Amino acid sequence: MRDSLPVIDRPLSPHISIYRWQTTMCMSIAHRISGVALYFGTIFLTLWLISIAYGDDLFYRVDAIYRSFFGQIILFFYTFALVHHLVGGVRYLCSDVKTSLLEKNCSMKLSRIALVISVVSTFLIWMIAYILL
């Protein structure tokens, strides 16, 4: 019975190559990546807090690592991941509450706005930190 069915030459499920990349798709992927980055970045934050508890010697060593160029890059991207995940979460919450925000044009605009807010906020946080420190 099964052999009599016609064979249709098409994929069983959509593949990523079928879709054209859009801002909303990239922001969704970036939201997930920022969540993973926050997980690993929190380990660095925890090491810093533990070094405070263990005394001055260990704290100054860990602080020297974090103040190095490589440490500053890690902290900058940790800040960006934190802000981006927060803004993306608020965007998802708003679209869950008000479903009219899920329309294509509105969703694209919100995605772009969320990206701009994330980048600008991260730079503002770092500029304020350098002014105060």
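None of these values were measured; they are calculated from a predicted model. We're numbering straight along the sequence, starting at 1.
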So, taking the atom named [atom1] in [X] and the one named [atom2] in [Y], what distance separates them when rounded to the nearest 0.5 Å?
| X | Y | atom1 | atom2 | answer |
| --- | --- | --- | --- | --- |
| Thr122 | Ile117 | OG1 | CD1 | 11.5 Å |
| Ser68 | Ile73 | OG | CD1 | 8.5 Å |
| Ile33 | Leu38 | CD1 | CG | 12.0 Å |
| Asp56 | Asp63 | CG | CG | 11.0 Å |
| Ser118 | Ile113 | OG | CD1 | 11.5 Å |
| Gln22 | Met25 | CD | CE | 5.5 Å |

Do the side chain of [X] and the main chain of [Y] share a donor and acceptor less than 3.5 angstrom apart?
| X | Y | answer |
| --- | --- | --- |
| His85 | His31 | yes |
| Gln72 | Tyr66 | yes |
| Ser28 | Thr24 | no |

Residues Leu75 and Trp126: closest non-hydrogen pair is C-CZ2, 3.4 Å

If you look at every heavy atom in Ser34 and Ala81, which pair is closest and at what distance? CB-O, 3.7 Å

Only residue of Val116, Val83, Leu82 satisfying side-chain contact (heavy atoms from CB on, under 4.5 Å) with Ser121 is Val83

Quick one: are [X] and [Y] in side-chain contact, heavy atoms under 4.5 Å?
| X | Y | result |
| --- | --- | --- |
| Thr42 | Tyr78 | yes |
| Tyr54 | Phe59 | no |
| Met27 | Arg91 | yes |
| Phe70 | Ile65 | no |

Excluding sequence neighbours, so at least two apart, what forms side chain to side chain donor-acceptor pair (under 3.5 Å) with Arg32? none

Among the clusters formed by ILVMFWY side chains lying less than 4.5 Å apart, do [X] and [Y] turn up in the same one?
| X | Y | value |
| --- | --- | --- |
| Phe77 | Leu86 | no |
| Ile43 | Val36 | yes |
| Met127 | Val120 | yes |
| Leu124 | Leu133 | no |
| Val87 | Leu93 | no |

Those residues that, when tested against Tyr60, pass ring-ring contact (aromatic ring centres under 6.0 Å, His included) (two or more places apart): none

Taking CZ in Phe40 as the centre, count heavy atoms belonging to other residues, nucleotides or ligands within less than 6.0 Å. Is the count above 12? no

What class does the angle between the rings of His84 and Phe80 fall in, given that below 30° is parallel, 30 to 60° is tilted and above 60° is perpendicular? parallel

Less than 3.5 Å apart, any donor N or O on the side chain of Ser51 or Arg61 sitting next to an acceptor on the other? no

